S.K.: 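Quick one: structure below, then a few questions.
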Amino acid sequence: MAPDGAGRSRGALNRSGLRVLSLVVFLLVWEAIALLAGRATMPSPLEVGRFIVAETAAGELLRHLAYTLARVAAAFVIAMAIGTAIGIAMGRSQLIDLFGDSWLIVLLNTPALVITVLAYVWFGLNEAAAIGAVALNKIPNVAVTMREGTRALDPKLDEVAEVYRMSALDRLRHVVLPQLGSYLAASARSGLALIWKVVLLVELLGRSNGVGYAIHLHFQNFDVTAILGYSVAFATVMLVIEYALVQPVERHASRWRIRHA
Amino acid sequence: MLLAGASGTLEVRIDEKRFRSAEGGAVTAVAGLDFSVPAGDFACLIGPSGCGKSTTLRILLGLDRDFSGHVTLPAAGARTGVMFQEPRLLPWRTVEDNVRLMLPPARRGTDLGPLFAELDLAEARTRFPQELSLGMERRVALARALAVEPDLLVLDEPLVSLDDMTAARLRRLIAAAAAVRGVTVLMVTHNVREALEMADRLILLAPRPTRVIGEERLDRRRGDRPPVWIDSIRADLARRYPGTISED
C-alpha cells in the first residue's frame with residue numbers, strides 16, 4: 001500500500017471514484033426493486049442496514065461472522081497448501097498426473113453437498129469434519145490451476161538452477177513460486193469465493209454458529225431482512241479482504257514487471 | 001578418475017548422442033566427439049550452425065545425461081559458471097539477487113561490490129532485468145557465472161545478437177575476467193574472428209553428426225593479435241576446413 005508517486009495517484013483517485021459509483025448504482029437498483037416487489041419480499045437497503053446495526057449491537061453478527069471467517073481461513077489455508085502441492089507434483093511428473101487425473105475429475109464433479117454430508121456421516125458433526133469438507137471441495141480447483149501453472153514453467157530457468165546447484169527450497173522460492181504467482185492469485189481469488197459459499201452450506205447442515213447457521217435460523221421465520229443482512233455483512237468482509245489483502249499482495253508479487261502507463 | 005580430476009583437464013568424450021525427431025525416427029547429433037582442454041586454457045568450439053555444439057555443452061553441464069560417453073570436469077566437484085545464449089536471469093529478482101542467489105549458501109554473504117565494479121554493473125544492482133539492455137543482461141549473466149568462482153566457464157555464443165560496440169566491450173570483459181582468474185573456458189561460437197581474438201585453442205567441428213575434425217593452437221599472446229594476423233589465420237583455416245569455416 002506504499003504510495004506509488006504523484007503520477008499514478010490521480011489515476012488511483014479516478015479508479016476509486018468509479019468503484020464508489022458502482023456501489024451507489026447497486027444500492028439504487030436494489031432500492032428500486034424493493035419498491036416494486038414490496039417490503040416483505042425485498043426489504044430496502046436502509047432496512048437491511050438497520051438490521052446489521054442492531055444485530056451488531058446485540059453482538060450476534062460479529063460472533064457469527066468471526067466463526068465463519070475462521071472456518072474460511074482454515075479451509076483456505078489447507079486447500080491452497082494441499083492443492084498447490086498436488087498441482088505442482090502433477091505438473092512436474094507425468095506418472096503422478098496419469099495416476100491422479102481421474103481422481104481429480106471425480107472430485108471436481110462431486111457436489112459440495114455430497115462431500116459435506118459424507119464428511120458429517122463419517123467423521124461426526126464436528127469442526128474438523130466441517131473444515132475438512134470445505135477444503136476438500138476446493139483442493140481439486142487449486143490443483144488443476146497449479147498444474148497448468150507448473151506445465152507453463154520455463155525449463156530454461158530450471159537449467160540455470162540445476163547448473164548452479166540451487167537447493168530444492170531455494171528453487172521453489174526463487175524460481176518456481178514467482179512463476180506460479182499469477183496462478184496462485186487466480187486460485188486464491190476463486191478459492192475465497194467458492195470456500196465461503198461452501199462454508200455457509202456446511203454451517204447450515206451441521207454447525208450451531210456462523211453465518212450459515214444464522215441464515216438457516218432466519219430462513220425458518222422467512223425473515224428476508226436478516227438473511228440479506230448477514231449476506232451483505234459477509235460479502236463486505238470478503239470485499240475488504242480482496243482490496244486490503246489479495247490485491248496488495250498481488251501487486252507486490254508482480255512489482256518486477258514493467259508497467260505500461 | 002581422481003588423477004584426471006586432479007590434473008585439472010576438462011575431458012569430453014561423447015561416443016553418441018541421439019535425438020528422437022518429430023517424425024519418430026532417431027537423429028544422431030553427435031558421433032565420436034572427443035576433446036580435452038588443459039587447465040586455464042581458453043578453448044573455442046567452432047562448427048557450422050545446427051551441428052550439435054549446444055548439445056555438447058548441455059551434456060558437459062550435466063543437463064542432458066542421455067548419451068553414451070564420459071565427461072571429466074577440471075576438478076572433483078568442480079564449480080561451473082555458464083552464460084547461455086539468452087541471459088536467463090530471474091525477471092522477478094534484482095540484478096544483485098540474481099547473482100547472489102546462485103552462490104552456494106555458505107558464500108551468500110560475500111561482498112559482490114568488486115565484481116559488479118569490474119563488470120560496470122555497480123549502478124544496476126537494484127534494478128530488475130526487464131529494465132536492462134541485452135548487453136547489460138549478458139553482463140549480469142557473466143557476473144553470475146564469475147561469482148561462483150568457477151573452475152570451468154562455459155559460454156554459449158555469449159556475444160550473439162549484440163551490436164558491434166557492445167559485443168566488442170563484452171568480449172574484452174570476458175577475456176580480461178578469464179585471464180585474471182586463470183579459469184578454464186569453453187566457448188561456443190560461429191564467429192571465427194571472435195574465436196581468433198580470444199582463444200588459446202580452437203576445436204573445429206564437423207556438420208551433424210558432429211565430431212572433432214581439427215584442433216588448432218594459437219600461440220600468439222591474447223591481446224596482441226592484430227587484424228592482419230587474424231585475417232591470415234582465418235584464410236588459412238578456411239582453406240583447410242572448408243565445410244566448417246567459410247571464406248568470407
Side-chain angles (χ1 to χ4, degrees), chain A residues 2-5 7-8 84 88 91-95 146 149-188 246-261, chain B residues 54-55 57-65 73 77-108 126-133 137 140-141 143-156 186:
Chain A
D4 295 319
R8 279 221 302 282
T84 302
I88 291 179
R92 287 245 146 173
S93 155
Q94 216 171 358
L95 272 166
M146 297 318 290
T150 307
R151 283 178 181 159
L153 287 176
D154 186 355
K156 293 181 170 179
L157 293 179
D158 234 26
E159 291 184 354
V160 172
E162 176 76 29
V163 168
Y164 290 107
R165 300 179 204 158
M166 279 182 109
S167 69
L169 196 67
D170 276 343
R171 259 185 227 207
L172 190 68
R173 243 185 89 193
H174 302 294
V175 183
V176 175
L177 286 181
Q179 293 185 71
L180 295 178
S182 53
Y183 293 89
L184 273 172
S187 49
V246 177
Q247 291 195 4
V249 165
E250 214 180 346
R251 268 202 299 280
H252 178 76
S254 61
R255 69 198 180 287
W256 54 274
R257 287 181 208 277
I258 289 178
R259 263 177 281 251
H260 301 282
Chain B
S54 292
T55 305
L57 289 196
R58 287 175 50 80
I59 287 174
L60 78 93
L61 289 172
L63 296 173
D64 189 339
R65 297 177 202 280
L73 292 174
R79 280 187 305 268
T80 309
V82 196
M83 280 177 82
F84 293 97
Q85 273 179 38
E86 326 79 25
R88 299 200 189 181
L89 305 176
L90 301 174
W92 40 83
R93 293 288 180 263
T94 60
V95 164
E96 169 143 12
D97 282 346
N98 261 285
V99 176
R100 201 173 282 288
L101 287 170
M102 299 300 154
L103 293 173
R107 293 191 41 235
R108 286 276 167 85
T126 56
R127 289 163 75 184
F128 288 101
Q130 291 197 356
E131 303 171 290
L132 308 179
S133 65
E137 283 191 86
V140 178
R144 180 172 71 182
L146 295 174
V148 299
E149 296 178 355
D151 303 288
L152 173 67
L153 193 56
V154 174
L155 312 171
D156 188 0
L186 185 64

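The chains referred to below are lettered A, B, ... by the order of the sequence lines, with proteins before strands, and numbering in each begins at 1. Computed from a prediction, not measured in an experiment: that's the story for all the values here.
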S.K.: Looking at Pro104(B), Pro129(B), Ala78(B), which makes the most heavy-atom pairs under 4.5 Å with chain A?
M.R.: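 Between Pro104(B), Pro129(B), Ala78(B), the count favours Ala78(B).
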S.K.: To the closest 0.5 Å, what do you measure between CZ (Arg58(B)) and CD (Glu159(A))?
M.R.: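 Between Arg58(B) CZ and Glu159(A) CD, I get 4.0 Å after rounding to 0.5 Å.
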S.K.: Which heavy-atom pair separates Val160(A) from Phe84(B) by the least distance, and what is that distance?
M.R.: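 Residues Val160(A) and Phe84(B), closest heavy atoms: CG2-CE1, 3.7 Å.
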S.K.: Select one option (side chain, backbone, both, neither) describing which atoms of Leu101(B) are under 4.5 Å from chain A's heavy atoms.
M.R.: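 Both the backbone and the side chain of Leu101(B) come within 4.5 Å of chain A.
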S.K.: Using a cut-off of under 4.5 Å on heavy-atom pairs, state which of Val154(B), Leu61(B), Leu103(B), Leu90(B) scores highest against chain A.
M.R.: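 Top count of heavy-atom pairs under 4.5 Å with chain A: Leu90(B).
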S.K.: Measure Arg127(B) against the heavy atoms of chain A and call it side chain, backbone, both or neither at under 4.5 Å.
M.R.: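 Interface part for Arg127(B): neither.
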S.K.: Given heavy-atom pairs under 4.5 angstrom as the criterion, report whether the side chain, backbone, both or neither of Val82(B) touches chain A.
M.R.: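 Contact with chain A involves both backbone and side-chain atoms of Val82(B).
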S.K.: What are the residues of residues 169-179 of chain A, in order of number, with any heavy atom under 4.5 angstrom from a heavy atom of chain B?
M.R.: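 The stretch touches chain B at Asp170(A), Arg173(A), His174(A), Val175(A), Pro178(A), Gln179(A).
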S.K.: Is the closest side-chain heavy-atom distance between Val148(B) and Arg165(A) below 4.5 Å?
M.R.: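 They are not in contact (no side-chain heavy atoms under 4.5 Å apart), so the answer is no.
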